[in-house]
Amino acid sequence: MPRTEVATAVVDLAGVAVRYGPPKRQVTAVEGVDLRIEAGEFVVLVGPSGCGKTTLLRVVAGFERAATGRALVRGSAPLPGRGAGVVFQQPRLFPWRTVGGNIAFALARHGVPRAERPARVAELLERVGLAGTAGRRTWELSGGQQQRVAIARALAAEPELLLMDEPFAALDALTRERLQEEVRSLAGRLGTTVLFVTHSAEEAVLLGSRVVVMAAGPGRVVADLPIDLDRAPSADLPTLRASPRFTHLRTRLTELTR
Ligand code: ADP
Ligand code: MG
């Protein structure tokens with residue numbers, strides 16, 4: 001019914017706690033987390049190491065279950081491999097497949113007919129700056145190149161929801177900038193909802209439409225900062241970064257994360 005359509009957020013966490021370990025020595029990773037993400041939002045999670053950012057992403061991906069509270073994706077309990085595309089900090093490619101083979105595997109799972117896969121593989125590799133590498137072995141590529149393959153693989157399924165856990169942390173500055181541009185424009189173009197984890201206040205403000213700040217002990221949400229930057233199509237990342245509004249927001253975010 002249309003009525004429920006309107007009310008359904010892409011991500012809906014309410015009172016979520018996650019605990020690790022056996023009952024007697026339990027670690028509470030996150031507690032009392034409320035987080036609602038609407039379609040098309042680009043939400044960035046920031047906070048110190050150990051505050052539960054990865055844990056929350058894993059809950060949304062369906063890899064981890066909430067001990068208490070409610071975790072819903074599009075109104076249902078999240079299941080791994082269903083709906084959300086995930087990019088981890090480490091690429092985790094299949095070493096026995098070629099670069100193109102890794103992406104074609106994702107396309108096949110997404111139901112793309114065999115005959116259409118080579119062209120789609122080429123297009124996806126082009127998007128992440130790796131044109132012409134389809135036949136290479138993954139272990140022949142640098143760490144940064146492997147991460148780009150992982151991003152192309154996640155995009156292959158055209159996920160409605162993209163979960164990224166510090167995906168650019170290990171990349172050199174130039175590659176990082178290129179991929180920041182690419183992910184942001186791609187998400188905008190396709191209307192993808194993104195939940196993105198980073199340590200960098202700069203990256204958070206550049207990419208996010210909203211930044212959610214977490215603190216540790218136990219992990220919880222402490223602030224929610226809307227990023228009201230003028231993102232005209234002509235405004236590339238260097239232009240955004242040079243704007244006074246950007247500087248103001250980054251300073252504000254740095255204060256909130258102290
Ligand atoms: P972040 O990604 O923000 O650095 P994590 O979600 O990885 O934080 O971890 C949150 C807390 O949960 C930390 O205290 C961490 O030590 C603990 N934790 C994470 N994964 C496990 C696990 N598999 N077993 C036990 N404790 C864990
Ligand atoms: Mg983490």
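Numbering of ligands and ligand atoms starts at 1, following listing order.
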*Does anything in residues 40-63 pair up under side-chain hydrogen bond (donor to acceptor under 3.5 Å, both in side chains), and if so which pairs, sequence neighbours excluded?*
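Checked against side-chain hydrogen bond (donor to acceptor under 3.5 Å, both in side chains) - neighbours excluded - the pairs reaching residues 40-63 are Tyr20-Thr55, Glu41-Arg210, Thr54-Asp165, Arg58-Glu64.
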*Please list all pairs passing the ring-ring contact (aromatic ring centres under 6.0 Å, His included) test where one or both residues lie in residues 103-148, with sequence neighbours left out.*
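Pairs touching residues 103-148 that pass the test: Phe94-Phe105.
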_Side-chain donor/acceptor of Arg117 to backbone N/O of Val112, under 3.5 Å_ =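 Yes; judged by distance alone, with no hydrogens or angles, the pair exists.
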*Looking at Val59, Thr28, Thr68, which one forms a side chain to side chain contact (heavy atoms under 4.5 Å, CB included) with Val18?*
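In the set Val59, Thr28, Thr68, the residue that makes a side chain to side chain contact (heavy atoms under 4.5 Å, CB included) with Val18 is Val59.
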*Under 2.8 Å from the Mg ion (ligand 2), which protein N/O/S atoms are there?*
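Metal shell, protein only: Thr54 OG1.
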So, do [X] and [Y] sit near enough that their side-chain heavy atoms are less than 4.5 Å apart?
| X | Y | value |
| --- | --- | --- |
| Val213 | Asp224 | no |
| Phe88 | Leu57 | no |
| Pro167 | Gln89 | no |

Go ahead and list the nitrogen or oxygen contacts between ligand 1 and the protein that come in under 3.5 Å, distances to 0.1 Å, or just say none.
unit_1   : atom_1 : unit_2 : atom_2 : d
ligand 1 : 2 (O)  : Thr54  : N      : 2.9
ligand 1 : 2 (O)  : Thr54  : OG1    : 2.8
ligand 1 : 3 (O)  : Cys51  : N      : 3.3
ligand 1 : 3 (O)  : Gly52  : N      : 3.0
ligand 1 : 3 (O)  : Lys53  : N      : 2.9
ligand 1 : 3 (O)  : Lys53  : NZ     : 2.8
ligand 1 : 4 (O)  : Gly50  : N      : 2.7
ligand 1 : 6 (O)  : Thr55  : N      : 2.9
ligand 1 : 6 (O)  : Thr55  : OG1    : 2.5
ligand 1 : 8 (O)  : Gly52  : N      : 3.1

*asked:* Could you check whether Glu202 pairs with Arg250 (Lys NZ or Arg NE/NH1/NH2 to Asp/Glu carboxylate O, under 4.0 Å)?
replied: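 A salt bridge links Glu202 with Arg250.
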*asked:* Within the 3.5 Å criterion, strictly below it, is a donor on Thr198 or Glu203 matched to an acceptor on the partner's side chain?
replied: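 Yes.
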